[in-house]
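Only one structure is covered here, and it is reproduced in the block below.
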Amino acid sequence: MIRTHLIDALRAALAGCGVEPLPATIELGRPAHAEHGDWSSNVALVCAKAAGRRPRDLAGELAEHITADPPAHVRQVEVAGPGFVNFHLDDGWLHDVLRQVVAGGVDGYACADFGAGMAVNVEFVSANPTGPLHVGGGRWAAYGDTLCNILARCGYVPHREYYLNDRGRQMAAFAESLVARKQGAEPPEDGYHADYIAEWAAEMPDGADALEWGYARAHRDVADSVARLGVRFDTWASERALVQSGAVAAVLATLEASGAAYRADGATWLRSADGGDDKDRVLVRSDGEPTYLLPDIAYHADKLARGFELMIDVWGADHHGYEERLAAGVCALGNRREQLEIVLGQLVTVMRGGAEAKISKRAGNLVLLDDLVDLVGPDAARMTFLLQSLRSRQTIDLDVVAAQSMENPVFYVQYAHARICSLAATAAERGIARPPLDEVSLELLGDPRELEVLRTLHALGDVVADAARERAPHKLTSWVRELAGAFHGFYHDCPVLRSDIDPPLAVARLWLAEAARIGLVIALDLLGVSAPERMESLSPDDTEEAAE
RNA sequence: GCCCCCGUAGCUCAGGGGACAGAGCAGGGGACUUCUAAUCCCAAGGCCGCAGGUUCGAAUCCUGCCGGGGGCGCCA
């Protein structure tokens, strides 16, 4: 809105100054420092060379043009620094933001449509169905689910999928380990030695097929664990079903027929080196068994066959080397490289008792996602995973997390929401209703705290869009913490229902709080964190007890 | 040896071409006759790993080093 108007004004000014060709995009940003105005453009710096003028001179001409016929809310246009054009606006543009937030509401504000209905398959977690989910799996669960939420808000149609590697060597080793424990024996050397195997073996009915029973047990366990984080998969895709349907064999035949696969040394190879990989890779071993690669290619072909235009796979960084060979296989089937996008996340390191707990299900010493959720609750657990970029490694020290769970940023944000609800409830008790927005004197909102809330709310649309484009949900986490901070500051400095506050100002502030509530709910919903109406888990008494 | 990620305040991390680099936590000092102090405010804390390069402008992009993590199988 405001941004488009300013950019249009800049474009018109550039044309008026005889600059051509006009730049394809004109950047407009919010300066870090208040004295640089509300909005700022570097367009004079960017265009100066092509326009044959000094940046500050060009900026000055632009400022003159715009000042002659300023867009709505523009109070002053000035040149600053090396040649920035800075816009100083009146507060009205922020009052417009309040109106936009309220008009859009939880369902309509900060939505985008650039996804254009594209069907996107997002595959995440996909841990082998041979045991409960490790803490690290929670990172992928929280990330993938939130990414889907954000994509949906931008017009994509996301589909949450979990790929079950439900056949092959790992499943066999898992079943053998269950059988061994059931008989009171040690699992095989390369089997699963973690404690849960013994527990599950004890649950397993006599005469049960260990592989089938264990598979179902693990599948259910994983589904329950992610459900506690609010994650529900649309599809649990089965590798075994893919093999049994003949899809894997069909893909192999297609690859061989097209010459993308060839036989050598008794094995069947994919010409992945042609597709950007370091070297060719084995599809079928010389003993006739397929490697993981072949079913994976078939699986991704299957996703496309199901109508998805884009596949986003969320992988741990330890699978990094696998990306190019899979892409080579997918492309060898005639698909475009852009249809497969791999998001690599750095692994979670789990600490317990001062030592690193291993991730391997086989080695034991497992720290489960359920353990973390038991310890801090689903909201804090999910927020913890969403605090950081996937690019940086995350260390979760269970001892620290437990000790500091009350300091988790999630409560800071939830408290802001609870305060707004409490404010609304008190207003209702006192019979103070919010009149329709167009009858409210929003121009009374001019306190820096009030304006900061509105400025932050304005940014939400950009934050959501950026988070979707960059596959970076943590940007939303950062934003919602900012909004909560802005609201807490407002709440502290700007009384609403106090007797010395004039009714017109009180209702304007009530509407401001409502707008903040809408922003908080949008972001918390996207993050998959609850927005409670009151905070009950910690009373002041508990604080004192906790301090003892 | 090659490939990917990271290195920013004491700690955990944002920022990933734009102006004087931010937040939380820890530590120091202050604010509750209240709409919930799970809050707010002030002060302090930085060769943005190092060295070059590109640019009007580099924490940000490029190259090379150093340090940490991960990966380079007819394993999964």
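Letters go in sequence order (proteins before strands), and every chain restarts at 1.
Aromatic pair A:Phe490/A:Phe487: ring centres closer than 6.0 Å. In this structure, A:Phe124 has its ring center no closer than 6.0 Å to that of A:Trp140.
A:Tyr412 comes within 4.0 angstrom of the backbone, heavy atoms only, and of no base. Nucleic acid contact class of A:Cys47 (heavy atoms, under 4.0 Å, all strands): none. Nucleic acid contact class of A:His36 (heavy atoms, under 4.0 Å, all strands): base. As judged by a 4.0 angstrom heavy-atom cut-off over every strand, A:Ala267 is placed among the base-contacting residues. No contact: A:Asp280 has no heavy atom under 4.0 Å from any strand. Contact annotation for A:Pro409: no contact, since no heavy-atom pair falls under 4.0 Å across all strands. Here A:Asn165 lies out of heavy-atom contact (under 4.0 Å) with every strand. The residue A:Ser389 sits close only to the backbone: its heavy atoms come under 4.0 Å of sugar-phosphate atoms, none of a base.
Residue A:Arg430 places at least one side-chain N or O closer than 4.0 Å to OP1 or OP2 of B:C35. Residue A:His474 has a polar side-chain atom (N or O) positioned under 4.0 Å from OP1 or OP2 of B:G15. Between B:C13 and A:Gln388, a contact under 4.0 Å exists linking OP1 or OP2 to a side-chain N or O. Between A:Lys279 and B:G73 there is a side-chain N or O to OP1 or OP2 distance below 4.0 Å. An OP1 or OP2 oxygen of B:G16 is reached within less than 4.0 angstrom by a side-chain nitrogen or oxygen of A:Lys475. When the side-chain nitrogen and oxygen atoms of A:Arg419 are compared with OP1 and OP2 of B:A37, one or more of them lie within a distance under 4.0 Å. The side chain of A:Arg393 places no N or O atom within less than 4.0 Å of a non-bridging phosphate oxygen (OP1 or OP2) of B:C6. OP1 or OP2 of B:A38 lies within a sub-4.0 Å distance of a side-chain N or O belonging to A:Tyr415. Using a 4.0 Å cut-off, some side-chain N or O of A:Arg449 falls inside it from OP1 or OP2 of B:C41. Dashed line: the shortest gap from a side-chain N or O of A:Ser392 to OP1 or OP2 of B:A14 is under 4.0 Å. Contact check, A:Arg285 against B:C75: a side-chain N or O comes under 4.0 Å of OP1 or OP2.
Taking OG of A:Ser177 as the reference point, atom OH of A:Tyr196 lies at 8.0 Å (rounded to 0.5 Å).
Judged by centroid separation below 5.5 Å and plane tilt below 30°, A:Phe84 does not stack onto the base of B:G18. B:G70 has no base stacking with the ring of A:His320 when judged by centroids under 5.5 angstrom apart and an interplanar angle below 30°.
One atom, CG of A:Asn408, and another, P of B:A26, lie 13 Å apart when rounded to the nearest Å. The CE atom of A:Met406 sits 12 Å away from the P atom of B:U39 (whole-angstrom rounding).
B:G27 is unpaired under the Watson-Crick or G-U wobble criterion, no partner having all donor-acceptor distances under 3.5 Å. Pair check for B:A59 finds none; no Watson-Crick or G-U wobble contact set falls under 3.5 Å. B:G22 is paired with B:C13 under the Watson-Crick or G-U wobble criterion, all donor-acceptor distances under 3.5 Å. Base pairing annotation: B:G7 forms a Watson-Crick or G-U wobble pair with B:C66, both donor-acceptor distances under 3.5 Å. Nucleotide B:C2 forms a pair with B:G71, judged by Watson-Crick or G-U wobble geometry with both contacts under 3.5 Å.
More than 12 heavy atoms of other shown residues, nucleotides or ligands fall within 6.0 angstrom of atom CD in A:Glu470. Counting non-hydrogen atoms of other residues, nucleotides and ligands closer than 6.0 Å to CZ of A:Arg534 gives a total of 12 or fewer. Within a 6.0 Å radius of CD in A:Glu533, other residues, nucleotides and ligands contribute 12 heavy atoms or fewer.
Checking A:Lys279, A:Arg281, A:Arg337 one by one against A:Glu324, the salt bridge (Lys or Arg N to Asp or Glu O under 4.0 Å) holds for a single residue, A:Arg337. Results of the side-chain contact (heavy atoms from CB on, under 4.5 Å) test with A:Cys47 over A:Cys17, A:Pro23, A:Pro55 single out A:Pro23 as the only residue that passes.
Taking only distance into account, the side chain of A:Ser478 never meets the base of B:A23 through a donor-acceptor pair shorter than 3.5 Å. The base of B:G71 does not come close enough to the side chain of A:Asp318 for any donor and acceptor atom to sit less than 3.5 Å apart.
Here, B:G70 and B:C74 have their P atoms 22 Å apart, quoted to the whole Å. To the nearest whole angstrom, the two C1' atoms, one in B:G7 and one in B:A14, are 15 Å apart. Taking the P atom of each, B:C25 and B:U39 are spaced 7 Å apart, rounded to whole Å.
RNA chain B is contacted by both A:Ser41 and A:Val284; A:Ser41 maps to the nucleotide lying nearer its 5′ end (nearest heavy atom per residue).
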